[in-house]
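Treat the numbers as computed from the prediction; the structure is a model and nothing was measured. One-based numbering along the sequence shown. Counting starts at 1 for both ligands and their atoms, in listed order.
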Amino acid sequence: MIHVQHLTKTYDDLQRGRFVAVDEVSFSVNRGEIFGLLGPNGAGKTTVLRILSTVLSPTSGIANVAGYDVVTDPAEVRRHIGFVSNNTAIYDRMTAWEMVEYFGRLHGMSASHLNERLETLFTQLRMNDFRDVPGAKMSTGMKQKVSIARAMVHDPPVLIFDEATLGLDVLVARNLLAVIRSLRDAGKCLIFSTHIMSEVERLCDRIAIMHRGKILDSGTLPELRDRHDEHDFEELFFGLLSRHEHADCEALQSHPDGLAPVDFTNPATSMEARS
Ligand SMILES: Nc1ncnc2c1ncn2[C@@H]1O[C@H](COP(=O)(O)OP(=O)(O)OP(=O)(O)O)[C@@H](O)[C@H]1O
């Protein structure tokens with residue numbers, strides 16, 4: 001369903017010059033699978049997901065979604081995906097029902113089909129008790145459900161969740177993870193980015209660990225544990241990042257203006273091992 005090969009994105013940054021945000025990234029995601037992209041802030045997760053959703057174009061490499069290339073067939077790609085992030089704007093004056101209906105109309109759905117779909121979605125996501133509540137009066141949990149419903153209204157086979165649990169309270173985040181699991185069980189292809197280790201541990205069928213634009217390793221949790229001879233996922237993760245830092249550091253030794261290594265024992269480093 002999703003095939004990414006040697007995907008690279010560079011930005012021309014005023015401060016950093018030519019900056020490689022995504023560096024030769026390759027992975028595939030199948031139907032009925034949750035693929036987790038795990039990495040600290042700035043790893044390049046959002047950039048990959050924005051390329052997959054056709055918002056950004058790649059500098060090089062291939063990204064194919066549901067059989068369509070993101071560069072040559074962006075409209076078809078958009079028809080086959082739904083995108084959920086943590087900062088989707090919710091219109092204050094529209095009710096939950098109106099908002100999801102509006103997005104269905106944007107996808108060109110007929111009135112009768114749309115009505116049927118809304119009934120199914122509102123029941124599936126348990127949104128019926130707030131279908132007439134306007135955006136301004138919604139809780140964070142309600143807003144997140146509206147974001148998911150409008151990403152799913154056209155019933156896309158691929159769903160992309162970019163740091164979707166960020167800022168949600170524990171209960172709402174837990175409900176969201178349950179929704180994602182049920183979508184996987186219904187055969188959807190899901191890609192889920194986060195910096196929270198326990199979320200990928202509990203949710204994802206396969207995991208790619210990203211750092212500074214590169215995938216350092218990927219596989220199922222048992223595969224990763226075996227390969228690194230480390231059962232504790234947190235240890236495994238930080239060990240992998242540290243080894244990458246040291247390798248980078250050695251490569252940069254001849255460059256006096258090279259980047260300093262990140263101290264992963266420093267609490268300011270943005271990773272979370274939420275239980
Ligand atoms: N438009 C841009 N111009 C220059 N650099 C950018 C731009 N967008 C992103 N970057 C840089 O690319 C790198 C990857 O950013 P990206 O947002 O993809 O990371 P991320 O893993 O999603 O982290 P976060 O959770 O912080 O968003 C970062 O160093 C970021 O500063």
Have a look at R225 and tell me which of E234, E201, E230 forms a salt bridge (Lys or Arg N to Asp or Glu O under 4.0 Å) with it.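 Among the candidates, only E201 passes.
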
First-shell residues of ligand 1 [heavy atom, distance under 4.0 Å]: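 Lining ligand 1 at under 4.0 Å, by heavy atoms, one finds Y11, D13, R16, F19, A21, P40, N41, G42, A43, G44, K45, T46, T47, E163.
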
Side chain to side chain donor-acceptor pair (under 3.5 Å) against Y11, all qualifying residues, sequence neighbours excluded: T47

Holding to side chain to side chain donor-acceptor pair (under 3.5 Å), I want the full list of residues that pass it with E119, two or more places apart in sequence or in another chain.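 R131.
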
Do the ring centers of F35 and F27 come within less than 6.0 Å of each other?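 Between F27 and F35, which both carry aromatic rings, the centre distance is below 6.0 Å.
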
With sequence neighbours excluded, tell me which residues meet ring pair (Phe, Tyr, Trp, His ring centres under 6.0 Å) with F83.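 Here no residue qualifies.
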
For V4 against V25, the heavy-atom pair lying closest together: CG1-O, 3.4 Å

